[in-house]
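On a predicted model such as this, the values are computed, not experimentally measured, just so you know.
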Amino acid sequence: MKSNLKQTTGDIIRQLRENRGLPLRKIAALLDIDTSYYSKIERNEKKATKIHIQKLEAFFELDKNSLLIQYLSDKILYEISDEDCADEVLKVIKKQVNTLKHTKNKL
């Protein structure tokens, strides 16, 4: 599953559910949450948790981390989209991630 800039995590999981003809209540039960809360996740009114995302990846048999990448991207986008310095923030994050990975690899 490729990330689509026009789709949010909610859009993607709604599409996955609808493509399989599954009712909202079935996915809500899988995630152990109320159906109305799950509906809000699909409508991007509420945020899923990382655990929800991992359960959905397993249930829909998606490539490992494919939905997680979209989910984390949405989270970062939501936090920085209105900031004039968003591009610079992303550059700093990339450097910090690379440094952290390099440090962990040395351990």
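- Hydrophobic clustering of Ile, Leu, Val, Met, Phe, Trp and Tyr side chains at less than 4.5 Å, counting indirect connections, keeps L77 apart from I53.
- Considering T9, T8, N44 in turn, T9 is the only one that fulfils the side chain to side chain donor-acceptor pair (under 3.5 Å) rule with D74.
- The 12-atom threshold is not exceeded at CG of D32, counting heavy atoms of other residues, nucleotides or ligands nearer than 6.0 Å.
- Within the 4.5 Å cutoff, the side chain of T99 has no heavy atoms near those of the Q96 side chain.
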*For K47 and I41, what are the C-alpha separation, side-chain angles and deciding distance, and is it a side chain to side chain contact (heavy atoms under 4.5 Å, CB included)?*
CA-CA 6 Å; K47 300 293 180 203; I41 291 172; over 6 Å; no
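- A donor-acceptor pair shorter than 3.5 Å can be found between the side chains of H52 and T49.
- Side-chain N or O atoms of Y38 include none that pairs as donor or acceptor with a backbone N or O of I33 at under 3.5 Å.
- Atom OH of Y37 sits in a crowded spot, with more than 12 heavy atoms from other residues, nucleotides or ligands closer than 6.0 Å.
- In this structure, the side chain of E57 engages the main chain of L67 through a donor-acceptor pair within 3.5 Å.
- Between I13 and E42 the shortest side-chain heavy-atom distance falls below 4.5 Å.
- Taking OG from S36 and NZ from K46, the interatomic distance works out to 9.5 Å, rounded to the nearest 0.5 Å.
- In this structure, the separation between CG on D11 and CD on Q70 is 8.5 Å, given to the nearest 0.5 Å.
- Through side-chain heavy atoms spaced under 4.5 Å, either directly or across other Ile, Leu, Val, Met, Phe, Trp or Tyr residues, I93 is tied to I76, I80, V89, L90, V97.
- No continuous path of hydrophobic side-chain contacts links Y78 to L68 [ILVMFWY only; heavy atoms under 4.5 Å].
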*Stepwise side chain to side chain contact (heavy atoms under 4.5 Å, CB included) test for K95 and V92*: CA-CA 5 Å; K95 286 180 187 177; V92 170; 5.8 Å; no
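- At distances below 3.5 Å, at least one donor-acceptor pair connects side-chain atoms of S73 with backbone N or O atoms of I69.
- In plain terms, the two heavy atoms of R43 and E45 that are nearest each other are NH2-OE1, 2.9 Å.
- Between R17 and F59 there is no side-chain heavy-atom pair separated by less than 4.5 Å.
- Within a 6.0 Å sphere centred on CD1 of I51, heavy atoms belonging to other residues, nucleotides or ligands number 12 at most.
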Show the atom names and distances, to 0.1 Å, of all donor-acceptor pairs under 3.5 Å that link a side chain in residues 18-31 to residues at least two apart or in another chain.
unit_1 : atom_1 : unit_2 : atom_2 : d
N19    : ND2    : Q15    : O      : 3.3
R20    : NH2    : F60    : O      : 3.1

